[in-house]
Amino acid sequence: MKIAIKLIFLIVSIIGIACTYMSFDGSHKSRLVGVSQCAGGMWRQTMNGEIRREATLHDNVEVAVKVADDDPELQCRQIEELVDMGIDLLIVSPWSVDDISKTIDKVKARGIPVVLVDRKANTPRYDAFVAGDNLEVGRLAGEYVHNIYKGEKIVEMQGNITAAPVQDRHSGFVQELEKYGLSCQSFNCNWERETCRAMVETLLLNTTDKYIIFCHNDGMVFDAVLEARKHHAEDRITFIGVDGICGEGIDMIDRGEMTATVRYPTGGKMAMQAAIRIMEGDKLEWRDTLIRPIVVDKGNATAMRAQDETILSINADNERLGEKLSGVRHLLSITEMGLIACVLVVVFCVFLGVYMHRTNKKNKHLRLEAEKRLLQYLSERMDTAEGASPLPVQGEGNGSSEDGKKGNFVLRLQEVLSANLHNPDITADDLAVELAMGRSQFYHRVKEETGYGPKELLRIARLKQAALLLENGGHTIQEVCYLVGFSTPSYFAKCFKEYHGLSPSEFVKS
């Protein structure tokens, strides 16, 4: 029985381990990627969309996004919140090179990989960096200005000048203009709408000059256009922006509000691809990667829109497919766990069957051995009534013929009992038959001579014989159990203790 309980415990443990494996091994574990954006806006929403869509193509990858709204201190706190959520990897776009470098170092110290996207930080402790080539963005903008230049004043409206992308765009723009002997006037707008509009207003007041204005993103162009309209000066300004996404820059080109924009890739898809490979333990062939931008104007805006709409449609289909695949994966996981459980149950049944077969075989062997020993033992002690199984006898004899009859009955009863003690199936009726007596007559005679009923007398005889065998030694407790006709050692131990006041093992020791 103890072995069976151990087997059950073993099977339950294996099933638990299997279920744990199903939930936490590499192919089934839910991996959480934290995304920290330094700011909001349509371009970053597009990046987040690319990250989420790429995540749906992989098993059990979840994404948590936090947006700091141009607040470096808030971004640091949000990164700590993502770490507390138990993220497996952090994708982060810092506000500037210095603001969150220490926080990124802390994340790496916790053993969490970090992928920088769009902007670098002032720390070497990161696993991958993905961004558009901002130096190339500025260079393409400068080249486009040169191609359309007709003597206008050139103005550059920058974002936050402490951010690495802004610095690279400025350097590329200025260097390209200098190649053609051109120069520009640069303003730090810090990505702020009010500042951008104020700069445009300053340029337009009390002058009729024409301008080519290069803004570091399409959102700034939108605000600059509004201010130019306010002063009825749209015809005097040619706007060039950066980003070139549907719903913003490309729409403005279609409406004629902006002449061109440099399409700046978000890098969201590549950042998530790098994140997946890092979490899966793959080695990246590159650590830093720059994505080449392109110029979008009237000549290719329609084609770019069609391309974007096609991509969005495909992505939408992929998302729906991903939801369906998620359901299928869940069903397959449940089925797999069910199959594992079934196999384990079958294995358990086989082990239990083998165990029971071996136990029965062993018990049968012990019973046969016990019967042989009992027959040998009885044959040695059949010459005297003292050698038989001791019986309780009612009263003492006085030597009369009546006492002789009584003694003969008791002796015959002892002989029959001794011959059948090993048989667990013997009944009072069987004993009566062997003594050639009727059932009722046998019952009353046994009760009269011994003070016990036949069934109780048989049990007492077995327990007395068991005590003699244990006292003489030479037999194990289990062997004695079968020698005196008990079917199970546990029931034998219970009866023995009730009658003798000690368990068989305690009796042997005493």
Side-chain angles (χ1 to χ4, degrees), residues 34-53 63-75 78-79 91-96 99-100 116-121 130-132 134 137-138 141 156-170 187-200 213-227 239-253 255 257-258 260-272 291 293 296 304-305 308 311-312 315:
V35 179
S36 172
Q37 293 285 9
C38 60
M42 187 170 292
W43 184 82
R44 294 194 178 277
Q45 290 175 9
T46 302
M47 180 198 293
N48 294 337
E50 290 182 7
I51 290 173
R52 287 192 174 98
R53 283 191 291 272
V63 178
V65 179
K66 290 186 178 291
V67 180
D69 295 325
D70 304 326
D71 186 341
E73 293 182 1
L74 174 60
Q75 187 173 22
Q78 288 178 340
I79 291 175
I91 296 177
V92 56
S93 181
W95 173 250
S96 68
D99 291 318
I100 65 169
L116 300 176
V117 63
D118 179 42
R119 303 178 180 183
K120 273 194 173 181
V130 178
N134 283 286
V137 168
E156 178 191 23
M157 292 192 175
Q158 304 178 67
N160 175 20
I161 60 174
T162 63
V166 173
Q167 296 170 1
D168 288 343
R169 290 176 188 181
H170 171 72
F187 296 99
N188 177 20
C189 295
N190 202 31
W191 307 116
E192 296 172 355
R193 290 189 165 195
E194 294 78 7
T195 303
C196 179
R197 295 180 70 163
M199 293 296 179
V200 173
I213 298 180
F214 168 51
C215 296
H216 278 206
N217 67 19
D218 294 339
M220 295 169 67
V221 174
F222 181 82
D223 291 310
V225 169
L226 292 179
E227 191 63 28
F239 288 104
I240 299 172
V242 177
D243 284 346
I245 60 176
C246 282
E248 192 173 61
I250 292 180
D251 291 3
M252 293 169 68
I253 292 175
R255 295 194 299 265
E257 298 168 345
M258 182 166 61
T261 183
V262 181
R263 189 179 183 91
Y264 180 63
T266 69
K269 178 179 179 180
M270 292 189 66
M272 178 52 81
I291 310 170
V296 181
M304 296 303 295
R305 176 186 294 281
D308 288 347
I311 292 173
L312 289 174
N315 287 335

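- Looking at Q167, its side chain does come within 3.5 Å of a backbone N or O of I161 through a donor-acceptor pair.
- Counting heavy atoms from C-beta on, the side chains of P94 and L116 come closer than 4.5 Å.
- Atom CZ of F239 and atom CD1 of I253 lie 13.5 Å apart (nearest 0.5 Å).
- Of all non-hydrogen atoms in V262 and P293, the two that sit nearest each other are CG1-CB, 3.8 Å.
- At a threshold of 4.5 Å between non-hydrogen side-chain atoms, the residues I240 and I213 do not count as touching.
- Expressed to the nearest 0.5 Å, how far OG1 of T162 lies from CZ of R119 amounts to 8.0 Å.
- Judged by distance alone, the side chain of R263 and the main-chain N or O of G244 form a donor-acceptor pair under 3.5 Å.
- Atom SG of residue C189 and atom CD of residue Q158 lie 8.5 Å apart, to the nearest 0.5 angstrom.
- Contact check on K269 versus E50 returns no salt bridge, with no Lys/Arg side-chain nitrogen under 4.0 Å from an Asp/Glu carboxylate oxygen.
- Closest heavy-atom contact between A224 and V200: CB-CG2, 3.7 Å.
- Judged by distance alone, the side chain of S36 and the main-chain N or O of V92 form no donor-acceptor pair under 3.5 Å.
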| said: Evaluate Q75 against W95 for side chain to side chain contact (heavy atoms under 4.5 Å, CB included), listing each step before the verdict. | reply: CA-CA 8 Å; Q75 187 173 22; W95 173 250; 4.1 Å; yes
| message | Quick one, H170 with E156, criterion side chain to side chain contact (heavy atoms under 4.5 Å, CB included). Give me CA distance, side-chain angles, the key distance, then yes/no. | response | CA-CA 8 Å; H170 171 72; E156 178 191 23; 2.6 Å; yes
| task | Evaluate the side chain to side chain contact (heavy atoms under 4.5 Å, CB included) criterion for residues W191 and H216: first the C-alpha distance (whole Å), next the side-chain angles of each, then the deciding distance (0.1 Å), finally the verdict. | result | CA-CA 8 Å; W191 307 116; H216 278 206; 3.9 Å; yes
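- The number of heavy atoms from other shown groups lying within 6.0 Å of CZ (F222) does not exceed 12.
- Between D218 and M258 the shortest side-chain heavy-atom distance falls below 4.5 Å.
- In plain terms, the two heavy atoms of T261 and V242 that are nearest each other are OG1-N, 3.3 Å.
- Counting all heavy atoms, side chain and backbone alike, L74 lies closest to A68 at CD2-O, 3.3 Å.
- Shortest non-hydrogen contact noted between V221 and M252 is CG1-CE, 3.3 Å.
- With respect to D223, the side-chain contact (heavy atoms from CB on, under 4.5 Å) criterion is satisfied by exactly one of E194, E192, R197, M157: R197.
- Interatomic distance, N134 CG to D168 CG, rounded to the nearest 0.5 Å: 5.5 Å.
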| message | I291 vs M270, test: side chain to side chain contact (heavy atoms under 4.5 Å, CB included). Steps then yes/no. | response | CA-CA 9 Å; I291 310 170; M270 292 189 66; 3.7 Å; yes
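- Shown here are the side-chain hydrogen bond (donor to acceptor under 3.5 Å, both in side chains) partners of D251, two or more places apart in sequence or in another chain: R305.
- For the 3.5 Å distance criterion, the side chains of Y264 and D118 qualify, holding a donor opposite an acceptor.
- Side-chain contact between V63 and I51: present, with at least one pair of heavy atoms (C-beta onward) separated by less than 4.5 Å.
- Counting all heavy atoms, side chain and backbone alike, V117 lies closest to T266 at CG2-O, 3.7 Å.
- Rounding to the nearest 0.5 Å places CE of M199 at 11.5 Å from SG of C215.
- Rounding to the nearest 0.5 Å places CE of M272 at 9.5 Å from CZ of R52.
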